[in-house]
> 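Here it is, the structure, as structure tokens.
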Amino acid sequence: MTPAGAKASATARELLAGLNAPQREAVTAPDGPLLILAGAGSGKTRVLTHRIAYLLATGRVAADEVLAVTFTNKAAREMRLRVANLLGGEPAGLWLGTFHAVAARILRRDGPAVGVPQGFTIFDEADRQALLRAALREIGADDRRTSPGATGAAISAAKNELQTPEAYARAACTPFEHRVARVWPSYQAALQASGGLDFDDLLLELVRLLTTQPAVAARYQARFGHILVDEYQDTNRAQYLAVRTLAERHRRLTVVGDPDQSVYGWRGADLRNILNFEADYPEARVIALEQNYRSTGAILAAAQAVIRENVERVEKRLWTAAEGGTPVVMAQLYDEREEAQAVAAEAQRLVQAEGCALAEMAVLYRTNAQSRALEEVFLRQGLPYQLVGGVRFYERREVKDVLAYLRLLLNPDDAVAFERVVNVPRRGVGSTSLEQLRLVAARHRVSPYRAIPLVQGAEIRGAAATGLLHFHRTMEELRQWAQSWPLPTVLDRLLEVSGYRALVRDGSPEGDERWANVVELRGLADEHGQAPVSEALPAFLEQAALSGDQDTPREAPSGITLITLHQVKGLEFPVVFITGLEEGLLPHSRSLDTIQATEEERRLLYVGMTRAMRRLYLFHAFRRHLYGAPSLATPSRFLGALPRDVARLATSMGGGATTAGSPAGARLHARAVPMGPGPGGLVGTRAALDRRATSAGPAVAAAQMYERGTRVEHPKYGRGMILKSTMTRAGEEVVIQFDTAGPKIFAVADAVLRPVPD
């Protein structure tokens, strides 16, 4: 054996050290289709990166012959770093990135074959919304009936299914679909006029390139000797076809995923892609990773009991060496405020009694609106928290302004970038002047920016004309100047001569914060070093456009993390609270029409439960304010699957919710309870159901008028029986089961009720 061969063998042996048997089998599997079913917490990323390193270390493939794709820039960076650490340096030529980044890279080179310009701009969500609003105005659509968000979602879903505007129009049935069919061509024309692609177009055009240009497809098929795909259960049709086409020649395809964690059906993910992998590749090898390294046995057993109710899945038997553990705690609270108070009190107890850090805890919920009550309580009690899902770095106003200047510098046809910055700082260019400029541009068949020198004196006058000409002259001078200087220097010059630096640095605290974001962006530009702008600027703008939520520069959390169940995928916390486990929230009301949608909601709960490492709390409320009105809440049907030996129902809250004069507040104590029938399978205890709702102020003294079992009559809903009477700070509140109208909640002071005999 040669010294190089001996070194390669030693490296290969080192790569297998510390892996369990199924992991080693997956890493060393021979060429050919390979499906790795990676259960939650089973070391999916470790196996994928070790397989890449093993393929390279054993000489089975060269680095520039490997294509590895994932879904987020954060995941791609982590994979790249791990591979580099395993091999002692980053392998040159390795293709590793997100689906969209890989698509952009291929289209930059070969896109002109299908009409995609090499210098295309990638439009992010905010830019896309601006174009959609303009397209809606163009067809005279009412924003209140056809919102840009809903329209964009419909177009995105159609593009993910590789549908054309013409095919969508032919299949349109509802008035909304007919309006979308009218908007889509106008929106697409505006994209093309600006030399841009949206995120969906990147994948759509990649598939079109690979399926209509055989020579191009053959070149990439020959190049990529091994293709590896992370989170395969989240692929949509376009991604599926792109991968299948690229792997067609060698069929050396490794996919990693878990059908039980497919939760993005609403954005096009197709669970069938992973479920049908063996049908697509009959010779495929299937390896299941079933040892969980994250959660305790109690948490894992509870999560598996929930997900086992699904039909569309592949059975796995996850296990952990950390057997037992604290039982999963379930609690029914009176409303969302008491739910938040219970979270806060238990978090404080864990800090004081068990030495947990707040940064080790997370509160998960189905919808962003659920964070409101949590934030109010946490702020009042002085509990620090981090709300995930706020304004992303690349969506902050000052960051988007600077990026728009740079986009216009690169692409004068970018109408969205032009309209964003032409009057920032103010140059006297208002909406009337811009509309007139659009007319001039349309007459000359050029972009608004290129139309500025063509404006006649009678068309735009005064300050607007002066401002437009000054703006055009500044940008053209910058364009000439940029030919000789690196990107960081060009950015500094742009901030100065455009007046943007002076606009932001106005001496206010808000200005200082905004300028700090600009400085952060300037630091990212520094990463491109002294490369000429012609090379650095397209790469820099592409990096910004393809960034995701997890690419926002963010300090390590110092408090409790508040995050939605969709956003928490890929994270883990020692302590997890899941709130709002009620019918209509989880499962969400929009998911109850089909079995498939309901099963995705169950998978979403499974994902949330498997984020927990040591402790898991499942909360639901007796009533909840939704859409501004209180309504009775039914425990989630998903809770009925929880086994009594690993799940406990909290029966004591230590005197109820925390009030201004009370001690630390609620304490959760668990005991075994029998699981009752019904959608949630939970029988609320008397202590939980009869608990009085309190707030930070003193209770209002009032006489209780009604008792449980009293028959009453309402002028609208007829006769019914009092199920519950609760004294709140605002007075008495009753729950009435009406004979014909079902359950309703009333404040006695506002309701017209009359006692009637049984």
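Nothing here was measured: the structure is a model prediction, and the numbers come from that model.
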> Is the shortest distance from a Lys or Arg side-chain nitrogen in R82 or E78 to a carboxylate oxygen in the other one below 4.0 Å?
yes

> Suppose the criterion is side chain to side chain donor-acceptor pair (under 3.5 Å): which pairs have a residue in residues 355-369, not counting sequence neighbours?
R366-E601, T367-Q370

> Using only atom types and a distance under 3.5 Å, with no angle test, would you say the side chain of T235 pairs donor to acceptor with the backbone of E231?
no

> Of all heavy-atom pairs between R611 and V568, which one has the smallest distance, and what is that distance?
CD-O, 3.6 Å

> So M330 and H620, side-chain contact (heavy atoms from CB on, under 4.5 Å) or not? Walk me through it.
CA-CA 8 Å; M330 296 180 291; H620 64 98; 5.9 Å; no

> Of D230, T98, T45, which is the lone residue that meets side-chain hydrogen bond (donor to acceptor under 3.5 Å, both in side chains) with T70?
D230

> Do the charged groups of D270 and R272 touch, with an N to O distance under 4.0 Å?
yes

> Give a yes or no on this: more than 12 heavy atoms of other residues, nucleotides or ligands lie within 6.0 Å of atom CD1 of I595.
no

> Quick one about N292 and S42 (side-chain donor to acceptor, distance below 3.5 Å, no hydrogens or angles considered), yes or no?
no

> Report the residues that fulfil side chain to side chain contact (heavy atoms under 4.5 Å, CB included) with N160, sequence neighbours left out, ordered by chain and then residue number.
S156, D200, N236

> Parallel, tilted or perpendicular: which one describes the rings of Y281 and F277, with boundaries at 30° and 60°?
tilted

> Testing the basics here: between A322 and S295, what is the closest heavy-atom pair and its distance to 0.1 Å?
CB-O, 4.3 Å

> Under 4.0 Å between a side-chain nitrogen and a carboxylate oxygen: does that hold for E572 and R294?
yes

> Show me the pairs that pass salt bridge (charged side-chain N to carboxylate O under 4.0 Å, His left out) and involve residues 93-102, at least two apart or across chains.
none

> Which atom names give the shortest non-hydrogen contact between R602 and V306, and what distance separates them?
CD-O, 3.0 Å

> Identify the heavy atoms of R603 and S262 that sit nearest to each other, and give their distance.
NE-O, 2.6 Å

> Do L19 and L16 come close enough that some side-chain heavy atom pair is under 4.5 Å?
yes

> Going by atom types alone, do Q23 and E25 pair a side-chain donor with an acceptor below 3.5 Å?
no

> Would you compute the distance between atom CG of L241 and atom CD of Q239 and round it to the nearest 0.5 angstrom?
10.5 Å

> Any salt bridge between D260 and K316, counting N to O under 4.0 Å?
yes

> Step by step, work out the side chain to side chain donor-acceptor pair (under 3.5 Å) result for Y240 and N276.
CA-CA 11 Å; Y240 164 78; N276 295 340; over 6 Å; no

> Between L318 and Q304, does the side-chain contact (heavy atoms from CB on, under 4.5 Å) criterion hold? Intermediate values first, please.
CA-CA 8 Å; L318 295 188; Q304 289 196 100; 3.5 Å; yes

> Indicate yes or no: at least one non-hydrogen side-chain atom of L228 is less than 4.5 angstrom from one of V69.
no

> Any side-chain heavy-atom pair from L333 and F619 closer than 4.5 angstrom?
yes

> Any non-hydrogen side-chain atom of L639 less than 4.5 Å from a side-chain atom of L642?
yes

> For T254 and R51, test the side chains for any donor-to-acceptor distance below 3.5 angstrom and give the result as yes or no.
yes

> Is there a side-chain contact between H226 and E65 (heavy atoms, below 4.5 Å)?
no

> Checking H50 now: which residues fulfil ring pair (Phe, Tyr, Trp, His ring centres under 6.0 Å) with it, not counting sequence neighbours?
none

> Looking at side-chain heavy atoms only, is the closest gap between R614 and C356 below 4.5 Å?
yes

> Roughly how far apart are E599 CD and N310 CG, rounded to 0.5 Å?
3.5 Å

> Tell me whether T320 contacts the main-chain N or O of E323 through its side chain, where contact means a donor paired with an acceptor under 3.5 Å.
no

> Sort out for me which residue in V256, L253, N273, I274 forms a side-chain contact (heavy atoms from CB on, under 4.5 Å) with V229.
L253

> Sort and list the pairs that fulfil salt bridge (charged side-chain N to carboxylate O under 4.0 Å, His left out) and have at least one residue in residues 29-43, not counting sequence neighbours.
D31-R60, D31-R252

> In Å, rounded to the nearest 0.5 Å, how long is the span from NE2 of H566 to CD1 of I563?
12.0 Å

> When you check the gap from the basic side-chain N to the acidic O, do D258 and K44 get nearer than 4.0 Å?
no

> Would Y385 and E375 count as a side-chain contact (heavy atoms from CB on, under 4.5 Å) if you check the C-alpha gap in whole Å, the side-chain angles of each, and the deciding distance to 0.1 Å?
CA-CA 8 Å; Y385 66 90; E375 291 187 77; 2.8 Å; yes

> Would you mind telling me which of T610, D234, T564 makes a side-chain hydrogen bond (donor to acceptor under 3.5 Å, both in side chains) with K569?
D234

> Tell me which pairs pass ring pair (Phe, Tyr, Trp, His ring centres under 6.0 Å) where either residue lies in residues 51-93, with sequence neighbours left out.
F71-F99

> Nearest 0.5 Å please: distance from the OG1 atom of T49 over to the CG atom of L81.
10.0 Å

> Verify, without hydrogens or angle tests, whether E583 (side chain) and A633 (backbone) share a donor-acceptor contact under 3.5 angstrom.
no

> Please round to the nearest 0.5 Å and tell me the distance separating atom CD of E582 and atom CD of E336.
9.0 Å

> If every non-hydrogen atom of P327 is compared with every non-hydrogen atom of A298, which pair is closest and at what distance?
CA-CB, 4.3 Å

> Ring-plane angle category for Y617 and F577, please: parallel below 30°, perpendicular beyond 60°, tilted otherwise.
parallel

> Of the non-hydrogen atoms in G580 and L585, which two are nearest, and what is the gap between them?
O-CB, 3.5 Å

> Any chance the side chains of Y606 and Q261 put a donor and an acceptor closer than 3.5 Å?
no

> Can a salt bridge be assigned to the pair R349 and E354 using a cut-off of 4.0 Å between side-chain N and carboxylate O?
yes

> R337 and E339: salt bridge (Lys or Arg N to Asp or Glu O under 4.0 Å), yes or no, with the steps?
CA-CA 5 Å; R337 181 181 293 274; E339 180 181 63; over 6 Å; no

> Just so I know, are the side chains of V351 and M361 near enough to count as touching, which here means a heavy-atom distance under 4.5 Å?
yes

> Is the shortest side-chain heavy-atom distance between I560 and P384 below 4.5 Å?
no

> Please round to the nearest 0.5 Å and tell me the distance separating atom CG of L94 and atom CG of D64.
9.0 Å

> Just do the side-chain contact (heavy atoms from CB on, under 4.5 Å) check on L616 and V329 with the steps written out, would you?
CA-CA 6 Å; L616 174 62; V329 175; over 6 Å; no

